[in-house]
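Beneath this line is the structure, given in structure tokens, with notes to follow.
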Amino acid sequence: MSMGHHHGRETFSSGLAVFFATLGSAVGLGNIWKFPYLTGKFGGGAFLLVYLSCVLLIGLPIMLSEFYIGRRTRRNVVGAFHQLAPGTPWKGIGVMGVSAAYLIMFFYSCVAGWVYYYLFRSLRGDFAAVTPDLLKNEFGAVVTGVWTPVFWQWVVLAVVTAILIMGVKKGIERITKTLMPVLFLLIIACDIRALTLPGAGEGVNFLLHVDFSQLTPAAILTAMGLAFFKLSLGMGTMTTYASYFTPSNNMMATAVKVASADTLVSMLAGLAIFPTVFAFGMEPGAGPGLLFMTIPLVFSQMPFGQQLLIAFFFLTSIAATTAMLSLVEVLIAYFSEEHGVSRQKAAIGNALLIAVVGMLAAWSADPVGPLGQVVFGGRGFFDWFDYLSSNILLPIGGLFIVLFFGYAANQQDIIDQLTNNGTLSLGRSTLPIFFFLARYVTPALLVVIFLNAIGLLKV
Ligand code: TRP
């Protein structure tokens, strides 16, 4: 490959920009929509505990692996493996990553569309007086609608495309640096309200009470899938972002900070949602609609409630949007660097493709929806996009990434990269732990959890 590919390649402008952009990728619908509804469905505390172990023992080593691969090569995910291991099948990881980016975007842009729509409606004052039943019907009307969900999905894609066309610094960096702090403030404001609801304690208890009898193999696989999804791992998102990191960035510190801050946001989201669920006698395992059926209740009939509701849907829109920036950036970097397409063309072309195929997700999110009865192997389009990406492609991608890091990559090269050529002492002392995890613990856990869940192994 010619040097031209590196020419004019952007980087983030500071350590703070690296942190907010990367956190912007991690924090998303995963925290505010998926985490609460899965924790609710799989019984609370025990699921949370497995999730936290997955973040530590599987998530962190894979994140570091991706950081290494990305900043070392400063290339898109396919080009990165091409450069580090030319002529080998390792670049299949990159190809799988690009496919996973599409699958995730198909359903993610759909859910983000619901969020934008709820933001619009809360701005219009539609949720001033609501009851649990009313909210259930409202949400049902959205997911079974024909053009409403599709229209908002397209609005989402237009916003994401517009930001990405502005570039890495002027688009991704500027937006995440401005909006991530806002997101933190807003979620804390929402928590204060939720935790002061009468009966909130039961919700907190649900989140923190550990009952191991709930832990089925499916629950464990789901917790692992969630850890991948949450931290944007296993498909080259973090590889692509790391390719824009500054040379002086302490990547181990960044990994730890991003994983902790992301987990904090998930907990804050859980603490906003479960107290409400219990305070209003709702069902914690209500599924994908949980967020939309509970949050408007939190803020109804209180001073400034409607303003807080707007704040909540605004913060969720921020989270979803900054996460999608990173998903689509994988595609843009790939098409512009490997196929010579301009940034603008790549952004628009991919948005159009996602808009078209994404309709399948929008119309199959609910059994009563337009394509709700199109089911194969027990799942419709929406569920297949989600399941195939989170539970299959990301873990398999993650497994190969961590194996590449642990066995195929040049160890001295990794040490140089992660210690910034020996200038970081933190790196030198903690690296052996990460090598150990990456070589033995992470791959073994991934294989066992995976085989167990698809029924080939009974633990
Ligand atoms: N992490 C984001 C969330 O929790 C979603 C996301 C962004 C993602 N990039 C990704 C998920 C890459 C998997 C892979 O909402």
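As a basis for the values below, the full set of heavy atoms in this structure was taken, side chains included, without hydrogen atoms, waters or symmetry mates. Ligands are counted one by one from 1 in listed order, and the atoms in each one are counted from 1 as well.
- Ion pairing of E337 with R343 is absent here, as no side-chain N (NZ or NE/NH1/NH2) approaches a carboxylate O to less than 4.0 Å.
- For ligand 1, the protein residues placed under 4.0 Å by at least one non-hydrogen atom are S25, A26, G28, L29, G30, N31, I104, Y108, F229, K230, S232, M235, T237, A323, S326, L327, L394.
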Residues 98-108, side-chain donor-acceptor partners within the protein, below 3.5 Å, at least two apart:
residue	atom	partner	partner atom	Å
S99	OG	V95	O	2.8
Y102	OH	N350	OD1	2.5
Y108	OH	L29	N	2.8

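- Side chains of C110 and F382 form a contact here, defined as non-hydrogen atoms less than 4.5 Å apart.
- Between S232 and T237 the shortest heavy-atom distance is O-CB, 3.6 Å.
- Using a 4.0 Å cut-off between a side-chain N of Lys or Arg and a carboxylate O of Asp or Glu, R379 and D386 do not qualify as a salt bridge.
- Taking 4.5 Å as the limit, every side-chain heavy atom of N76 sits out of range of all side-chain heavy atoms of S243.
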